[in-house]
Undergrad: 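If you scroll down you'll find the structure; I have some questions about it.
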Protein chains: 2
Amino acid sequence: MASLKDIAEKTGVSIRTVNRALKGDEKIKEATKKLVLEAAKELNYIPNLAARALKSGGGYEVIAVINNLHEMHLRKFAAMEKVLRQKDLLLSIFIVEDENCCEDLLKRLSLSRPAGAVLMADYDSQEQYDLIKGLWEIFDQQSIPCVGIDLDFEGMNQVVLDRSQAIYDAVQYLNKQGYQKIAYAGIEGAFGNDERLLGYRNAMKNLSQEESIFLAPPAVGDEARVESGKLAMKFFMDLEEGPDAIQFFTDMMAVSALQFCQENDIKVPEDLAIIGFDNQPITAFTQPPLSTIVQPVEKVGEISGQLLCNLIKSSESRVYTKMVNADLVVRQST
Amino acid sequence: MASLKDIAEKTGVSIRTVNRALKGDEKIKEATKKLVLEAAKELNYIPNLAARALKSGGGYEVIAVINNLHEMHLRKFAAMEKVLRQKDLLLSIFIVEDENCCEDLLKRLSLSRPAGAVLMADYDSQEQYDLIKGLWEIFDQQSIPCVGIDLDFEGMNQVVLDRSQAIYDAVQYLNKQGYQKIAYAGIEGAFGNDERLLGYRNAMKNLSQEESIFLAPPAVGDEARVESGKLAMKFFMDLEEGPDAIQFFTDMMAVSALQFCQENDIKVPEDLAIIGFDNQPITAFTQPPLSTIVQPVEKVGEISGQLLCNLIKSSESRVYTKMVNADLVVRQST
DNA sequence: TTGTATGCGTTATCAT
DNA sequence: ATGATAACGCATACAA
């Protein structure tokens, strides 16, 4: 690997001059600059970022903490990596698996001190919440700049997806389409349910319409969550005056509701409009294809990366919260 | 941030001794060792990776190269991380996106020289294949121990999933269940199709039965692949003597075939048995639930991690190829 | 406009 | 068993 020294020797100028030529921002004679740049190219010079990092104090790796390998998270992850790579930061990953994660993280940190961290974790239970919060506190104590994605710890830098707004918009859309009675079906205590419910409630308030809400009992695992969709359908169909449009908590629920409709001869979207949430791959292929809400995960990843870069560079203490909007994908179920 | 120097000053010993105590592998008096370790803990010492990398060319991190964020890959990834973490190796990730990946990788390597690498990439086209191969060659040239997962570059350390065997077993199973005419439906030129087809052919040869194969035209994207399933069904149903069991290339194809059956009153598994491939989440919830083939990705990840650890430690030049079997999950579609 | 010299935190050689 | 010191490649204060 060619170094500045090599270029200096080849061109006969000093290291310092090579440095200036490469940086381009200092006073330097055009001729020497050209000479150096050519030599650099010829020698296939690549700066040694480790040395650079060492000199300028900062580390060069960012550690991403993740406890859920959903594709969605990984798309955020990829978008973030792209941003970080441009800033010569390297992304390393720490997967949270069990209750020992705090100790594990400490041990991980004893191996190397990252320049920054991103916390990208879901929680379904109080224990999980506490665990994740514990991880954040570690970063906080160690003064490692940290950005949380879709978390809500006080005093933490955040990038937050505004699911509330997304649901609000979806309800508004349904209303504009002429649907009269719009319902929400969620799962009690599930991660993100309250937020979506809030969006629904705000929208209904804004439309001066009466709420119609079903919350399935807490469900763990895909199977239970599919079941929740059917439970919701049963609930609404038994109502005297059932809804003609339902916003579901997740695509899973919506898909199983769609199945229910098929089995019970309910025509979608004529008798009932259905909207899911997440734009899972399946949704494009259901009968009819499901309208759903896309979380712009790439954007979230990008913004998180940028925020973190800024925090690392500026080492300022102001706490940011960045909101990102989600969008409605209209297919044939509405 | 505390450095070796700080510890040295605090304890009154030299930097070199601190270094020895921390490494633990050199002759050193127990008392001084203890003293140093305590001081290190007290000062919350974390080694500076940049300095380490600068001096010794790195050696504590493994870089995983990945070009496809399928959940499956990520489960391998997680399993691997677990193994590596136990060996105090950090896992960092490098996501391949475009044709510049080789340059990018070189730049990445200038940041720090990893102790090892794992190449976990899919390819659908010759260009992609060449690109990935280029990445491998970089590792190879730089003498960085590298393990490939499901690749087939000559001279490369490999962990390979035996999909051929899996299909072979599935066909044998169908035969034992009494199905008379077993077919295979795949996609021309798709990644892994040939391998599965080979398993089918071998099984049919072994059973002395006549092959019945449909290969859909090359399809890119989920939608096209779903369509392939229907194409296959149309093909087989138009046959004079159609199959009573079909092994599909992917779950996607199988699921859409299942839909086709529903729409055309073909009873599964009475009239037709269907087996997918991959055990995607949906498969458990189709009507009827789909039998499919699980790739034991965790095992693959684990073995890859172990293999890499061995390569790093022993730095031997022997080339390994480890085969891992896939298993059949029997649900109600067979 | 260009060069000299120093130090970042580690590792490792060579002394003691 | 321990210490002094050089070196890794880069950035930069200071000198010329």
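All values reported here derive from a predicted model rather than from experimental measurement. Each chain gets a letter, A, B and so on, in the order its sequence line appears, and its residues count up from 1.
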Undergrad: At under 4.0 Å between heavy atoms, what does A:L54 touch on the DNA or RNA strands: base, sugar-phosphate, or nothing?
TA: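 Answer is base: heavy atoms of A:L54 come under 4.0 Å of a base.
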Undergrad: Taking the side chain of A:N48 as its heavy atoms from C-beta onward, which of D:dC10, D:dA4, C:dG3 lies nearest to it?
TA: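 Taking heavy atoms from C-beta onward, the closest nucleotide is D:dC10.
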Undergrad: Sequence neighbours left out, what pairs pass salt bridge (Lys or Arg N to Asp or Glu O under 4.0 Å) with at least one residue falling in residues 1-11 of chain B?
TA: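 Listed once each, the pairs are B:K10-B:E42.
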Undergrad: For the side chain of A:S3, counting heavy atoms from C-beta on, which of D:dA11, C:dG3, D:dG9 is nearest?
TA: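 Within the option list, the nearest is D:dG9.
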Undergrad: If an axis is fit to five pairs at each end of the helix from C:dT1-D:dA16 to C:dT16-D:dA1, what is the angle between the two, to the nearest 10°?
TA: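 Rounded value for the end-axis angle: 40°.
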Undergrad: Can you tell me whether the side chain of B:R16 and the base of C:dA12 have a donor-acceptor pair closer than 3.5 Å?
TA: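 Donor-acceptor pair under 3.5 Å: yes.
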Undergrad: What nucleotide, of D:dT2, C:dT11, C:dT2, holds the atom closest to the side chain of B:T17?
TA: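 Closest of the options to the side chain of B:T17: D:dT2.
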Undergrad: Please state how far atom OH in A:Y45 lies from atom C1' in D:dG9, giving the value in whole angstrom units.
TA: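 Interatomic distance, OH of A:Y45 to C1' of D:dG9: 8 Å.
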Undergrad: Checking A:D104 now: which residues fulfil salt bridge (charged side-chain N to carboxylate O under 4.0 Å, His left out) with it, not counting sequence neighbours?
TA: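 Per chain and number, A:D104 pairs via salt bridge (charged side-chain N to carboxylate O under 4.0 Å, His left out) with B:R85.
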Undergrad: Indicate, with a heavy-atom threshold strictly under 4.0 Å, whether B:L4 touches base, sugar-phosphate, or nothing.
TA: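 The residue B:L4 makes base contact.
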Undergrad: Between B:L49 (CG) and C:dT11 (C1'), how many Å, whole number?
TA: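 From B:L49 CG to C:dT11 C1': 14 Å.
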Undergrad: Ignoring backbone atoms, establish whether A:N19 has a side-chain N or O less than 4.0 Å from OP1 or OP2 of D:dA11.
TA: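 Yes, within the criterion.
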Undergrad: How would you list, by chain and number, every residue that makes a side chain to side chain donor-acceptor pair (under 3.5 Å) with A:N68, sequence neighbours excluded?
TA: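 Residues passing side chain to side chain donor-acceptor pair (under 3.5 Å) with A:N68: A:D122.
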Undergrad: Please list all pairs passing the ring-ring contact (aromatic ring centres under 6.0 Å, His included) test where one or both residues lie in residues 100-123 of chain A, with sequence neighbours left out.
TA: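 Matches after skipping sequence neighbours: A:Y123-A:Y129, A:Y123-A:F191.
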Undergrad: Taking 4.0 Å as the cut-off, does a side-chain nitrogen or oxygen of B:R20 come that near to OP1 or OP2 on D:dA1?
TA: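 No, no such contact exists.
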Undergrad: Rounding to a whole Å, what distance do you find between B:I15:CD1 and D:dA7:C1'?
TA: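 One finds 14 Å between C1' of D:dA7 and CD1 of B:I15, rounded.
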Undergrad: Any salt bridge (Lys or Arg N to Asp or Glu O under 4.0 Å) involving residues 150-161 of chain A? Give me the pairs, sequence neighbours left out, ordered by first then second residue.
TA: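 Output for this query lists A:D150-A:R163.
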Undergrad: Measure the distance from OH on A:Y60 to C1' on D:dA11 and round it to the nearest whole Å.
TA: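 In whole Å, D:dA11 C1' and A:Y60 OH are 17 Å from each other.
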Undergrad: With a cut-off of less than 4.0 Å, is there a side-chain N or O of A:K5 near OP1 or OP2 of D:dC10?
TA: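 So the side chain of A:K5 is outside the cut-off, no N or O lying under 4.0 Å from OP1 or OP2 of D:dC10.
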Undergrad: Could you tell me if A:R108 and A:S92 have a donor-acceptor pair between their side chains, going purely by distance under 3.5 Å?
TA: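 A:S92 vs A:R108: donor-acceptor pair found between side chains.
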Undergrad: For B:E30 and B:A51, find the nucleotide of DNA chain D closest to each by heavy atoms; which residue's nucleotide sits nearer the 5' end?
TA: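 By nearest-heavy-atom nucleotide position, the 5'-most residue is B:E30.
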Undergrad: Rounded to the nearest Å, what distance is computed from the CD1 atom of residue A:I28 to the C1' atom of nucleotide C:dG3?
TA: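 That distance rounds to 12 Å.
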Undergrad: If you check every side-chain atom of A:K55, which of D:dG3, D:dA11, C:dT10 has the closest atom?
TA: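 Nucleotide nearest to A:K55's side chain: D:dA11.
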Undergrad: Tell me whether the side-chain N/O atoms of B:T32 come closer than 4.0 Å to OP1 or OP2 in D:dA1.
TA: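 Checking B:T32 against D:dA1: no side-chain N or O falls below 4.0 Å of OP1 or OP2.
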Undergrad: If I compare all heavy atoms of B:L69 with all of A:E71, which pair ends up nearest, and what's the gap?
TA: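 Heavy-atom minimum between the residues: O-CG, 3.9 Å.
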Undergrad: Please report the shortest heavy-atom distance between A:A53 and B:A50, naming the atom on each side.
TA: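 For A:A53 versus B:A50, the nearest heavy atoms are CB-CB, 4.0 Å.
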Undergrad: Tell me: CG of A:L35 to P of C:dT2, nearest whole Å?
TA: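 Rounded to the whole Å, the gap is 10 Å.
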Undergrad: Starting at atom CG of A:D6, determine the distance to atom C1' of D:dC10, rounded to an integer number of angstrom.
TA: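 To the nearest whole Å, that distance equals 13 Å.
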Undergrad: In whole Å, I'd like the distance from the NZ atom of A:K33 to the P atom of C:dT2.
TA: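 The answer, rounded to whole Å, is 11 Å.
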